[in-house]
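These numbers come from a predicted model, not from an experiment. Nothing fancy with the numbering, it's 1 onward along the sequence.
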Amino acid sequence: MPKKAIMSALLVLTTLFSSCVSPDKRYLIGVSQCSEDSWRSKLQAELEQATYFNEDVDLIMCSANDDMEQQSRQIDSLINLKVDILIVSPQQVSKLSKAIQHATDANIPVILFDRRSDVQNYTAFMGADNYRIGMMLAQFAATQLGGRGNIVEIAGEHGSSPAIERHKGFNDGLKKYPDMHVVGFGEGDWKEPSGEKAMDSILTALADKDGGIPSIQCVFGGNDRMAVGARKALERHRQVHASNTPFVPNGEVIYLGIDALPTSGGGIEKVRDGILTASAIYPTHGDKVMQLALNILRGEPYSKETDMETSLVTSANANVLLMQHKEIDNQHQYIKKMYARVDKTLTMLSAQRALLISIIIVVIVVCMLLVITVRAYRTKHHLYQELRRKNDELNIEKEKVERQRDELEEQRDKLLDATVSNDDADGSAPNLNQNSGDTLPKNEFMDRFLHCLDDRFSDSDLSVEDIGQEMCLSRVQLYRKVKSLTGKTPVEIIREERLKRAHVLLQDSSLSVSEVAYRVGFSAPSYFAKCYKEYYGKSPSDK
């Protein structure tokens with residue numbers, strides 16, 4: 001096959017294979033969540049939805065469930081997996097610094113999301129301004145209470161950046177209002193039972209200290225769930241101590257939380273139902289953190305510090321926000337269904353494309369093999385023709401040699417005939433057993449002669465001398481004896497016996513003329529055909 005054709009075929013195959021491989025780099029993004037809750041579940045769902053529009057992204061999600069040691073191990077595992085970028089929500093400011101530093105040492109970009117760490121060489125931070133949220137809620141409480149009232153604060157997990165910043169922002173906001181006092185402070189772990197437990201402890205401490213519980217006008221929870229837990233504890237105390245007025249907080253209490261999730265049972269529903277008075281929206285924005293990660297990976301511009309906007313949810317806007325969320329959720333579900341349908345279609349198209357490419361490759365391979373086969377056939381045919389020509393030339397030479405040999409033998413026999421005739425002229429007795437017919441006489445001598453011929457029947461080199469040696473006679477002696485008994489020379493008898501045997505073999509249709517010729521001792525089929533026609537009067541191919 002020509003080199004040019006081979007190179008063209010390889011180029012086509014390379015093009016087909018390259019079309020099956022995506023030219024874009026795939027990114028592996030590792031996400032380390034410090035805990036599992038509804039806010040983080042929403043974030044995870046948004047990150048997964050963001051991959052619908054970024055097919056070059058693979059996500060690995062890990063959750064430590066409030067276990068710092070586990071989160072540290074998970075981060076190390078993500079580093080070992082060689083993720084392209086790491087998104088971390090550290091449980092506390094300082095406890096995960098070493099693990100995060102390992103990632104930066106491995107040249108893995110690190111995005112701190114929602115929570116900060118004391119590691120300084122992080123790549124980017126994205127989260128809401130927790131300090132401003134605390135200030136905003138303090139301002140709201142002062143407005144609702146007219147700048148006067150007692151407050152209980154249930155802060156988030158000790159050592160976490162949101163808890164620290166929200167506490168500081170809230171208390172700095174209260175400094176403008178000297179008649180507003182935080183009379184009780186506790187800490188939880190962001191879950192509802194911890195808020196309830198913290199409020200129980202605060203109420204117990206206040207009762208032990210003053211002999212009664214002072215009136216409480218506001219409860220500020222580090223998030224919605226702890227605020228709901230604190231409300232349960234406060235209402236239970238009010239029921240238990242209803243007959244003892246010093247222990248009963250006076251008037252209505254406002255309950256403030258943070259997160260304002262629009263999901264079922266989330267903060268916005270609690271505000272709508274009056275369980276919470278207000279909640280500050282703490283957005284998840286999984287789509288934005290995904291875009292930030294991709295900007296970093298693709299070398300596009302990005303901001304190192306990104307503050308997510310927030311706002312207050314009150315009874316005045318809770319219904320509207322829930323309706324908006326419901327509509328957005330419907331759109332997300334629709335997008336999810338469409339993505340599943342598109343994904344299914346793309347899978348089918350990919351399978352069809354792979355099948356088509358396989359078929360094309362098979363066709364190309366078959367064509368290449370066909371070309372090779374045709375060329376091989378042509379080469380073989382050419383060689384066959386050349387071999388046939390050489391064989392014909394060889395057969396001609398063989399025929400010539402064999403004919404010359406027979407002619408030489410006949411010349412020798414004629415010479416012997418002349419010698420025998422001279423002997424007869426000198427007074428020798430005439431031969432009375434001469435036989436010129438086709439049937440040879442039956443006697444011991446001729447049986448020995450034919451037996452020697454049978455043993456070397458197919459030997460094309462068999463000569464009268466060879467038979468004479470086996471019968472212990474010279475050529476002259478053998479000639480005279482055979483001539484006297486049959487009237488024919490040994491050469492004639494050998495040729496005729498071969499032709500007679502060939503005549504029998506030719507009755508077998510499975511044998512060709514050439515095969516018969518070789519079997520009876522002719523080295524040239526053409527010479528055999530000539531002798532056969534002279535003897536039988538017809539060609540050996542005639543049946």
Side-chain angles (χ1 to χ4, degrees), residues 25-51 54 56-128 130 156-164 188-191 194 222-223 225 259 261 282-297 304 306 308:
K25 172 180 172 58
R26 295 196 64 81
Y27 298 109
L28 182 60
I29 298 179
V31 181
S32 174
Q33 298 265 43
C34 59
S35 62
E36 295 179 4
D37 53 50
S38 53
W39 188 89
R40 299 196 181 279
S41 296
K42 183 173 181 290
L43 170 64
Q44 180 171 338
E46 291 172 353
L47 286 171
E48 291 173 351
Q49 288 174 2
T51 62
N54 298 280
D56 56 346
V57 170
D58 292 317
L59 270 180
I60 300 179
M61 306 286 295
C62 299
S63 177
N65 199 22
D66 299 317
D67 186 336
M68 285 182 293
E69 295 296 330
Q70 183 177 351
Q71 188 173 17
S72 178
R73 290 193 298 270
Q74 288 174 348
I75 291 174
D76 288 339
S77 296
L78 292 172
I79 295 171
N80 292 334
L81 288 174
K82 300 186 183 305
V83 294
D84 294 298
I85 195 167
L86 184 63
I87 301 173
V88 183
S89 293
Q91 187 175 6
Q92 294 188 8
V93 172
S94 59
K95 296 296 180 66
L96 289 175
S97 301
K98 187 175 181 180
I100 295 173
Q101 188 63 48
H102 286 166
T104 59
D105 291 343
N107 295 320
I108 297 175
V110 176
I111 297 176
L112 300 178
F113 184 71
D114 164 45
R115 301 185 179 192
R116 292 186 178 273
S117 169
D118 56 7
V119 172
Q120 298 302 314
N121 57 339
Y122 59 89
T123 308
F125 170 81
M126 177 177 283
N130 285 293
E157 185 177 20
H158 182 77
S160 66
S161 62
I164 295 171
D189 60 4
W190 307 108
K191 298 175 184 177
S194 68
N223 67 358
R225 288 174 295 167
D259 283 345
L261 291 175
Y282 194 80
T284 47
H285 286 326
D287 56 336
K288 291 186 177 180
V289 72
M290 174 65 75
Q291 189 58 54
L292 174 62
L294 291 175
N295 287 347
I296 294 171
L297 290 172
K304 183 168 184 177
T306 303
M308 296 186 293

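Applying the side chain to side chain donor-acceptor pair (under 3.5 Å) test to Q74 and every residue at least two apart in sequence or in another chain returns nothing. With sequence neighbours left out, S72 forms a side chain to side chain donor-acceptor pair (under 3.5 Å) with no residue at all. Every residue two or more places apart in sequence or in another chain that forms a side-chain contact (heavy atoms from CB on, under 4.5 Å) with V119 is listed here: S97, I100, Q101, S117, N121. Residues passing the side chain to side chain donor-acceptor pair (under 3.5 Å) test with S32 are Q71, sequence neighbours excluded. Scanning for side-chain contact (heavy atoms from CB on, under 4.5 Å) contacts around D37 gives S35, W39, R40, R225, with sequence neighbours left out. Contacts of D58 classified as side chain to side chain donor-acceptor pair (under 3.5 Å), with partners at least two apart in sequence or in another chain: R26. Contacts of F113 classified as ring-ring contact (aromatic ring centres under 6.0 Å, His included), with partners at least two apart in sequence or in another chain: none. H102 meets the side-chain contact (heavy atoms from CB on, under 4.5 Å) test with D76, I79, K98; sequence neighbours excluded. D84 meets the salt bridge (Lys or Arg N to Asp or Glu O under 4.0 Å) test with K25; sequence neighbours excluded. With sequence neighbours left out, I164 forms a side-chain contact (heavy atoms from CB on, under 4.5 Å) with V93.
Between L47 atom CG and I87 atom CD1 the span is 6.0 Å, to the nearest 0.5 Å. Considering CD1 of I29 and CG of L297, their distance stands at 6.0 Å, rounded to 0.5 Å. Between atom CD of residue E46 and atom NE2 of residue H285 there is a gap of 8.0 Å, rounded to the nearest 0.5 Å. The distance from the CD1 atom of I75 to the CG atom of L96 is 5.0 Å, given to the nearest 0.5 Å. Once rounded to the nearest 0.5 Å, the distance linking CD1 of I296 with CD1 of I85 reads 4.0 Å. Taken to the nearest 0.5 Å, the CD atom of Q49 stands 11.0 Å off from the CE atom of M290.
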Where do D189 and D66 land on the side-chain contact (heavy atoms from CB on, under 4.5 Å) test, with the steps shown first? CA-CA 9 Å; D189 60 4; D66 299 317; 5.5 Å; no

Apply side-chain contact (heavy atoms from CB on, under 4.5 Å) to Q92 and H158, showing your working. CA-CA 8 Å; Q92 294 188 8; H158 182 77; 5.6 Å; no

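Closest of all the heavy-atom pairs between R115 and S161 is CA-OG, 3.3 Å. Across D114 and S89, no two heavy atoms sit closer than the pair CB-OG, 4.1 Å. Looking at every heavy atom in both residues, W190 comes nearest to A163 through CH2-N, 3.8 Å. Closest heavy-atom contact between T123 and K304: O-CG, 3.4 Å. The minimum heavy-atom distance linking C34 with P90 is given by the pair CB-C, 4.2 Å. Considering all non-hydrogen atoms of both residues, L81 and L28 come closest at O-CD2, 3.9 Å.
Between the S194 side chain and the G188 main chain, no donor and acceptor come within less than 3.5 Å of each other. Between the D67 side chain and the E69 main chain, a donor and an acceptor come within less than 3.5 Å of each other. Judged by distance alone, the side chain of E36 and the main-chain N or O of N65 form no donor-acceptor pair under 3.5 Å. A donor-acceptor pair under 3.5 Å links the side-chain atoms of Q120 to the main chain of D118, judged by distance alone.
Under the 3.5 Å distance criterion, with hydrogens and angles disregarded, no donor-acceptor pair is assigned to the side chains of D287 and Q291.
Contact of the M308 side chain with the K288 side chain is not registered, since no non-hydrogen atoms from C-beta on lie closer than 4.5 Å.
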